[in-house]
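When a ligand or atom number is given, it counts from 1 through the structure's own listing order.
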Amino acid sequence: MSSETKYSVCTICDIGCQLRTEAEDGKVTRVIAHDNPMLANNICFKGVAAPSIHNHPDRLRVPLKRVGKRGEDKWEETSYEQAMDEIAERLQTVVAEYGPEGFAVSTSGWNTQTTHGTDRRFMNLLGAPNWISGVALCAGNTAAVNKLTYGWFPMGDFGNTNCIVLFGHNPRKHSWTPIYNQINAARARGAKIIVLDPRISDQAEQADLHLRLRAGTDAAMCLGWLKVIFDEELYDKDFVREWCVGFEELRTRVDEYPLERVEQITGVDRKLIALAARTYANADGAIIPWTPITDMQISSTSAIRLHSILRAVTGNLDVVGGETLGGFNKSYIPESEIALHELLPEEQKAKQLGFEHHPVFTYRAAEMLKEPTEKVWGFPYADLVMGCHMANPTEVFRAMANGDPYPIKAFFALGNNALMSYPNQHQILKGMMNQDLIVAHELFMTPTAMLADYVLPGDVFSERNHIADSWNWSTRLTLSQKVVEPPEQASSTFQFWRDLALRFGFGNDFPWNSLEELLDYRLSRSDRTFAEFEQAGYMEVQTPEFRKYRKTGFATPSGKVELSSSILADLGFDPVPYYREAPVPTDEYPYAVFSGVREDPFFQTGQRNIPELRRRCPLPSVFIHPDDAVKEGLVDGDWVKLQTAFGEVTAELSVQDSMKQGHLRVPHGWWYPELRGEEDLAGAFISSDAVLCSDEDEFLDYEQGVPHFKGYPGRVVKTAKPAALDLQEAS
Ligand SMILES: Nc1nc2c(c(=O)[nH]1)N[C@H]1C(S)=C(S)[C@@H](COP(=O)(O)OP(=O)(O)OC[C@H]3O[C@@H](n4cnc5c(=O)[nH]c(N)nc54)[C@H](O)[C@@H]3O)O[C@H]1N2
Ligand SMILES: Nc1nc2c(c(=O)[nH]1)N[C@H]1C(S)=C(S)[C@@H](COP(=O)(O)OP(=O)(O)OC[C@H]3O[C@@H](n4cnc5c(=O)[nH]c(N)nc54)[C@H](O)[C@@H]3O)O[C@H]1N2
Ligand code: SF4
Ligand SMILES: [Mo]
């Protein structure tokens, strides 16, 4: 018997803990905590369950080709080479007829990891601009908006900070565990924790200050904080004078938000707002960690900009205990370079969907930042946090469904359950049903994969070598070692793009035959190979350099922190942040619904098929406050339909004191792998939050076009438990 233990970066969720994987006789047997005591608490029960995921009997092992109607879930097995030949031929047909813009890709770089930017490279060589990702609703768009203010996306210095402000962000023991551990360590050192959350969340329970704002009002709250900070002169005047532009315009806007108004919008007592703002501004080193809440709001661009502005005016940028602007890691060629964005012709960039109406996350804004980015960071494109320069997802699905403004007829989803991961699931389904070619690269037969023509089996973290670079969010490099072979014909997404590229005649630009060769290339600037990196240790951390802007300026058009954004102005938007009210609850739909709160045992739409995780949360719940439950004549455990003007989901009611009155909470990502063959698309329309959210303009943020998931009108009515779910319980 042969056994092995190696270092692995867990990709079950996107925080990427480094763990150790044990294998015996070519099979993963155990995933355990790190042997470095500093890292040993960075593990959750999903990571521990990795062997059950990696060895799952339902894992896809061979390529499948559709034989039934689209979505019917009928397949024949085929070989990888045959599947790739057919995919290449059919994609060529689509491109010949509709142009490269008629091809769209949806992905999630965090889990497939080993793509290394080769997807963008292939698309850029082809001339295809329509790439989207799950991080359009996550840290990817935050990174893009941060760049407008100061040219990079910072990472909080948790280790030295004296104040942490969590705008809804709620890391827990089993959700983003390393961040949870860092918050706990900071609290133990005496750092103040401020939580802004409508609910009494886990973090709120332990916070020094908890501001229970109405969902969707974060931008107004930030404007209120700035009002206090400016009126009481708590800002860093020297930094603002020397390093910021647009202070007067900002100040004029902020003056439109006296605390009476902010109290009225947010529902939070003005004294508490002022106290929180003072606590943040007076702390010697304070951070506002990234939060998904402002990625998914109607005032998203303004709210994210306001976080970046708060960081800057309080003097917390690029200082110890504040927020570090890392830059590219100089010893690892960044994905931005591998992607070859410079090769995509201008007219193809201009065809990227979103370019005209919601340009902030597209090539249009990226092109405007090229020069300063090159000057300060050494390369014109900065693909930060798995996103950047991407098409607007909503516009892509519209083009797939309606051919407007032009048809998209080929759609690839790699490591992304696209059907359920954007707003308006009905539209996504319509778009997918209207395709000539769909390819899914997956571990399991998800609802998205069920809609494909070809499903290719993916590998998992124990089956591939990797160096994780935190997608330039920080400069850390983390080793992930292969410990077993992938099953049968499963392979990496790098392999997929390389093999497709060879079939398109792009071989010269894909000189790497294996992941290790690509890793050698990425390390070549530091004169090392992957094997040498592997031998040297499990992690490499660069010493941060502070106040780098004193040498280089900021990577913005003015070289300063742009409190008033010249790029937003040039794009025709309000250059100064504002608050926009989302459609409010009505008599018909009296509650503000927020989507997306995550359940501990699952990552997003995954793991409902892993018994030890599913047991912890067998069915989805909608949360309601006890007073609202009484008003609706409902009790805990009732089955309910949560309805909006756009769709409805069915789930069990959970009456919780911690909920805020007037609000409903719906979880993200529920489908029922066990209902495969019994319910269409394994029940993907029974409980998925994506059927509730609209992607109509009145629900979209103007600048980036992200949907409003945080407080849209809905109602709750009693229903019977769906028969299909009863069956599932009986079996
Ligand atoms: N177990 C597990 N952990 C995960 C994930 C998972 O799927 N499972 N997903 C990971 C990923 S990708 C992400 S993005 C994060 C997300 O995780 P978090 O950052 O923790 O975000 P959520 O859980 O979506 O919601 C956090 C809080 O925001 C509050 N909230 C709702 N609406 C608003 C609002 O309008 N304003 C404010 N200020 N607060 C509001 C909710 O009440 C909730 O308590 O979790 C990561 N961690
Ligand atoms: N409606 C709605 N949409 C959302 C959100 C929401 O709250 N509501 N949240 C948004 C957020 S914050 C995020 S981060 C995104 C996340 O969106 P995604 O990253 O797409 O998340 P998942 O739903 O987990 O889908 C990932 C899929 O990849 C597969 N997979 C995992 N590892 C591998 C691998 O190594 N190789 C391959 N080929 N496949 C793999 C899994 O089986 C799973 O089906 O979704 C966003 N979309
Ligand atoms: S928090 Fe859990 S699932 Fe996420 S990377 Fe760490 S161990 Fe894996
Ligand atoms: Mo996310």
Student: Heavy-atom distance to atom 36 (N) of ligand 1: which of D295, N170, I15, D218 wins?
Tutor: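 Checking each option, the heavy atom nearest atom 36 (N) of ligand 1 is found in D218.
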
Student: Does a donor on one side chain and an acceptor on the other come within less than 3.5 Å for S462 and H54?
Tutor: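 Per modelled atom types, S462 and H54 side chains form a pair under 3.5 Å.
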
Student: Against heavy atoms of F603, which atoms of ligand 1 measure under 4.0 Å?
Tutor: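 Once the distances to F603 are compared, the set is 5 (C), 6 (C), 7 (O), 8 (N), 9 (N), 10 (C), 12 (S).
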
Student: Would R199 count as a cation-pi partner of F623, with NZ or CZ less than 6.0 Å from the six-membered ring centre and within 45° of the ring normal?
Tutor: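 Cation-pi check for R199 and F623: fails.
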
Student: Consider ligand 2: state whether an atom of it lies below 4.0 angstrom from any non-hydrogen atom of F461.
Tutor: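 Judged by the 4.0 Å heavy-atom criterion, F461 does not count as contacting ligand 2.
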
Student: Backbone or side chain, does C10 get an N/O/S atom under 2.8 Å to atom 8 (Fe) of ligand 3?
Tutor: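 It does; at least one qualifying atom falls short of 2.8 Å.
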
Student: Can you tell me if D459 has a non-hydrogen atom under 4.0 Å from ligand 2?
Tutor: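 Checking ligand 2 against D459, which is what was asked, there is a heavy-atom contact under 4.0 Å.
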
Student: Is C44 close enough to atom 6 (Fe) of ligand 3 that one of its N, O or S atoms comes in under 2.8 Å?
Tutor: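 Under 2.8 Å: C44 has no N, O or S contact with atom 6 (Fe) of ligand 3.
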
Student: With backbone taken as N, CA, C and O and side chain as the heavy atoms from C-beta onward, which portion of A690 lies under 4.0 Å from ligand 2: side chain, backbone, both, or neither?
Tutor: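 Both of them.
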
Student: With backbone taken as N, CA, C and O and side chain as the heavy atoms from C-beta onward, which portion of H668 lies under 4.0 Å from ligand 1: side chain, backbone, both, or neither?
Tutor: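 For H668, there is no contact with ligand 1 at all, from either part.
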
Student: So, is C17 placed with an N/O/S atom under 2.8 Å from atom 4 (Fe) of ligand 3, counting both backbone and side chain?
Tutor: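 Given the 2.8 Å cut-off, C17 does not count as a ligand of atom 4 (Fe) of ligand 3.
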
Student: Tell me: protein heavy atom nearest atom 37 (C) of ligand 2, and distance?
Tutor: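 Result for atom 37 (C) of ligand 2: T112 CG2, 3.6 Å.
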
Student: Between S201 and ligand 1, which part of the residue brings a heavy atom under 4.0 Å of the ligand: side chain, backbone, both or neither?
Tutor: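 Just the side chain.
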
Student: Any idea which atoms of ligand 1 are less than 4.0 Å away from a heavy-atom of D600?
Tutor: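 Selected atoms, number and element: 1 (N).
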
Student: For D689, is the nearest heavy atom under 4.0 Å from an atom of ligand 2?
Tutor: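 Checking ligand 2 against D689, which is what was asked, there is a heavy-atom contact under 4.0 Å.
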
Student: So which of F709, W176, F45 gets nearest to atom 47 (N) of ligand 1, if we judge by its closest heavy atom?
Tutor: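 Closest candidate by heavy-atom distance is W176.
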
Student: Is the distance between the ring centroids of Y712 and F699 under 6.0 Å?
Tutor: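 Judged by ring-centre distance (under 6.0 Å), Y712 and F699 do not meet the cut-off.
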
Student: Side chain, backbone, both or neither: which part of Q297 comes within less than 4.0 Å of ligand 1 when only heavy atoms are counted?
Tutor: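 It is the side chain that gets close, since no backbone atom is under 4.0 Å.
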
Student: For ligand 1, does F594 get within less than 4.0 Å through its side chain, its backbone, both, or neither, judged by non-hydrogen atoms?
Tutor: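 Contact part for F594 vs ligand 1: side chain (C-beta onward).
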
Student: Among the heavy atoms of T446, does any lie under 4.0 Å from an atom of ligand 2?
Tutor: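 The answer is yes: ligand 2 sits under 4.0 Å from a heavy atom of T446.
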
Student: Just heavy atoms, cut-off under 4.0 Å: does C138 contact ligand 1 by side chain, backbone, both, or neither?
Tutor: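 The part of C138 near ligand 1 is the side chain, not the backbone.
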
Student: For the aromatic rings, using the six-membered ring if either is Trp, is the centroid distance between Y7 and H34 under 6.0 Å?
Tutor: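 Yes.
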
Student: Using a 4.0 Å cut-off to any heavy atom of F602, which atoms of ligand 1 qualify?
Tutor: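 What qualifies from ligand 1 is 1 (N), 2 (C), 6 (C), 7 (O), 8 (N).
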
Student: Could you point out which residue of W176, F153, F167 forms a ring-ring contact (aromatic ring centres under 6.0 Å, His included) with W290?
Tutor: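 So the option named by the test is W176.
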
Student: Between the candidates H663, R598, R172, which shows the shortest non-hydrogen contact distance to atom 45 (O) of ligand 1?
Tutor: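 Looking at heavy atoms only, the winner is R598.
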
Student: Is F623 touching ligand 1 with its side chain, its backbone, both, or neither, if touching means heavy atoms under 4.0 Å apart?
Tutor: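 No part of F623 comes within reach of ligand 1.
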
Student: Just go through Q607, E463, R464 and tell me whose heavy atom is the nearest to atom 35 (O) of ligand 2.
Tutor: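 Nearest heavy atom to atom 35 (O) of ligand 2 lies in R464.
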
Student: Heavy atom of N417 under 4.0 Å from ligand 2?
Tutor: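 Contact check N417 vs ligand 2: positive.
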
